[in-house]
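Taking it in order: structure first as C-alpha cells, then the write-up.
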Amino acid sequence: MTQRPPQVWAGIDVGSHHWITVVDADGDPLWNRKVINSEPDILTGEVMDTADHVTWALDLVDGPAALLLGTLANHGQSPRYVTGSKFAAFKKSFSGQGKSDLKDSYVIAEFARCLRRQTVPVPVPPKITKELTLILAHRNSLSAERTRTINRMRALLTSIFPELERSFDFARSDGPLVLLSGYQTPAAIRRMGESRLTAWLAKRGVRKAATVAEKAVTAAKAQESATSGEDLAAELVAELAQKITQMNVRLKELEAKIKEILSQHPQAPIVLSMPGFGELLAAELLAAIGDISRFPSAGRLAVASGMAPVSRDSGSNTGNRQRPTQYSRPLQRAFFLSSQSACLTAETWEKEMYLRKYQGYTHDRGRHKKAVIAVARQRVSILWAMLRDGRLYEREYNPREKAAREAQTA
C-alpha cells in the first residue's frame, strides 16, 4: 500500500473549467483532473485525501475563480496566488513550447512547491470590499466603452459635418447629444432655424438651449455642401448619440450606488478627510487596499502602489533607482490623482512641497509628474498611519496663519 505523503501542492489553472494537478515533494504528479466550474464538481475533498496538508495555488483570483475560492474557504483551505508575470517567467524554465491547461496547472503546482515564498495569500475580502470592487470594475468598463463610442461618433460626424464636431465637447455636455439625436446635417439644422431649434431643445430639457442652438446654426451656415453618404452617416450618428446618452444616465446611477456603498465603509471617513480624495477615488483606494493589515509598513503600501523606486545595482555600480513595473494600477491611480488635486489646494503642505520639488528639477520634461509622485509618496505614509490608527486627517495650518491664531487666543 502506498504511503500517504505528509504534504502535496495543488496547482489550479482557472477557467470556464479548471485543471487541477497535485504534485508531491519531489515534483512528481500524483493526481490531475479537469473540473467543471460548479460546486458539486470542485473535488476539494478528493484532493485533500491525497495528503495530510495541501497547499493550493492558482493563477486567477476573480471572475471564474470566485466559486472556486468560496468552495476552498468553506473547506478551511487558504489558497495562494501566483501572479501572471512570475508564472510566465517560471514557465520558461520548462522544456517545450506547447501550451495546455494541464501543463499550466502542473507549472503552477511546481511554482508553489519550489518558490512558495513568492506566492501571495488570497484573503477572503469583506462583503463591502467585494461590492466596491465589482461595481467599480463595471463602472470603469462602461466609462471606457463610452469614450470609444464618443470617438466613433465624432469620427462619423467629422465626415459629414466637421464644423459642428468642432463646436461642442460631447464628453462634457448632454445638450449636443440631444441635438444630434434629432438633427445631424447642415441642411436639417438650417431648415429648423435658431428659434425653432431652441424651442425643440428646451422641450427636451436641454440647459442653455439657446446657446446650443446658436452654435449649431452658426456651424450649419458655414457649410453649404453635402458629403457623399451623408444620410446613412447621419442615421448612425443619431444612434450613437442616443447610446451615449443612455450610458451617461447609467454612469450616474452607478456613481450614486458607489457613494451609497462607500458610506457604509467604516474607513471611508478617514480617507475622505484627506485633501484630494473625492468619493470615487476613495472607493477605488479602499477597494484596492482591502485590509490595511496586508501592509505591515507604509513602505510596503508605497511599493504596492508604485510610489517607491526599486534598486538597479550591479557590482560597484550602486545607488541606481528606477520606476517599478509590478504594482497595483488602481492604487497608483488613486494616490496620484488625489495628490495632484491636493497640490492645487491653497495653503497645504502638499502645494508647498510640490512647488519646491518642481523648481528643484533642472529639466522641464516630466518634472510635474515627478513632483506629484514625491508628494504622493509622503501621503502614502500619512494615509497608512491614519488607517492603522483609525484617525482622521489633521490639516496643518500655514505658519503665518497658525501664528495669527495663537496671537488671537493669547
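Quick note: residue numbers are just sequence positions, from 1. Below, all heavy atoms of this structure are taken into account, side chains as well, without hydrogens, waters or symmetry copies.
- Of the inter-residue distances, the one linking Ser305 atom OG with Leu285 atom CG reads 9.0 Å to the nearest 0.5 angstrom.
- Checked by atom type and distance alone, the side chain of Thr133 pairs as donor or acceptor with a backbone atom of Thr129 at under 3.5 Å.
- Put simply, CD1 on Ile20 and CG on Asp13 are 10.5 Å apart, with the number rounded to the nearest 0.5 Å.
- The side-chain contact (heavy atoms from CB on, under 4.5 Å) test applied to Leu142 returns Met247, Arg250, Leu251, Leu254, not counting sequence neighbours.
- Inter-residue side-chain proximity for Leu69 and Leu58 is flagged as met; some heavy-atom pair is nearer than 4.5 Å.
- Here Arg356 pairs with nothing under the side-chain hydrogen bond (donor to acceptor under 3.5 Å, both in side chains) rule; sequence neighbours left out.
- Distance alone, capped at 3.5 Å, is enough to place a donor-acceptor pair between the Ser338 side chain and the Ala334 backbone.
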In sequence, state the C-alpha distance, the side-chain angles, and the governing distance for Asp291 and Arg294, and then conclude on salt bridge (charged side-chain N to carboxylate O under 4.0 Å, His left out).
CA-CA 6 Å; Asp291 187 358; Arg294 293 170 51 210; over 6 Å; no
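- Screening residues 127-150 for ring-ring contact (aromatic ring centres under 6.0 Å, His included), with sequence neighbours left out, gives no hits.
- Qualifying side-chain hydrogen bond (donor to acceptor under 3.5 Å, both in side chains) partners for Arg154, counting only residues two or more places apart in sequence or in other chains: Glu165.
- Surrounding CD of Glu235 are at most 12 heavy atoms belonging to other residues, nucleotides or ligands under 6.0 Å away.
- Residue pairs satisfying the ring-ring contact (aromatic ring centres under 6.0 Å, His included) criterion with at least one member in residues 150-183, sequence neighbours excluded, are listed as follows: Tyr183-Trp200.
- In terms of heavy atoms, Glu194 sits closest to Glu214 at OE2-CB, 3.7 Å.
- A heavy-atom distance below 4.5 Å is not found between the side chains of Val23 and Asp28.
- A donor-acceptor pair under 3.5 Å is formed between the side chain of Ser181 and the backbone N or O of Val178.
- Put simply, the side chain of Ser167 gets close to the backbone of Glu163: a donor and an acceptor are under 3.5 Å apart.
- Using a distance-only test at 3.5 Å, with no hydrogens or angles considered, a donor-acceptor pair links the side chain of Arg379 to the main chain of Pro275.
- Of the possible polar contacts, one joining the Asp24 side chain to the Gly27 backbone as a donor-acceptor pair under 3.5 Å is found.
- The environment of Arg207 atom CZ is sparse: at most 12 non-hydrogen atoms of other residues, nucleotides or ligands sit within 6.0 angstrom.
- A search for side-chain contact (heavy atoms from CB on, under 4.5 Å) contacts involving Lys369 returns Arg323, Phe336, Ile373, not counting sequence neighbours.
- For Pro29 against Tyr106, the heavy-atom pair with the smallest separation is CG-CE1, 3.9 Å.
- Note that the CD1 atom of Ile261 and the NZ atom of Lys127 stand 9.5 Å from one another [nearest 0.5 Å].
- Contact record, Gln77 with Trp56: OE1-NE1, 2.9 Å, taken as the closest heavy-atom pair.
- The ring pair (Phe, Tyr, Trp, His ring centres under 6.0 Å) check on Phe295 picks up nothing, with sequence neighbours excluded.
- Pairs of residues two or more places apart, or lying in two chains, that qualify as salt bridge (Lys or Arg N to Asp or Glu O under 4.0 Å) and include a residue from residues 86-105 are Lys91-Asp104, Lys99-Asp101, Lys99-Asp104.
- With sequence neighbours excluded, the residues that form a side-chain hydrogen bond (donor to acceptor under 3.5 Å, both in side chains) with Glu110 are Arg113.
- Applying the salt bridge (Lys or Arg N to Asp or Glu O under 4.0 Å) rule to pairs touching residues 329-344 yields Glu284-Arg333, sequence neighbours excluded.
- The shortest heavy-atom contact between Leu30 and Pro5 is CD1-CG, 4.1 Å.
- Under the side-chain hydrogen bond (donor to acceptor under 3.5 Å, both in side chains) criterion, Glu230 pairs with no residue at all, not counting sequence neighbours.
- Two residues are said to be in side-chain contact when any heavy atoms from C-beta on lie closer than 4.5 Å; Leu240 and Arg152 meet this criterion.
- Listed by first and then second residue, the salt bridge (Lys or Arg N to Asp or Glu O under 4.0 Å) pairs involving residues 264-279 are Lys259-Glu279 (not counting sequence neighbours).
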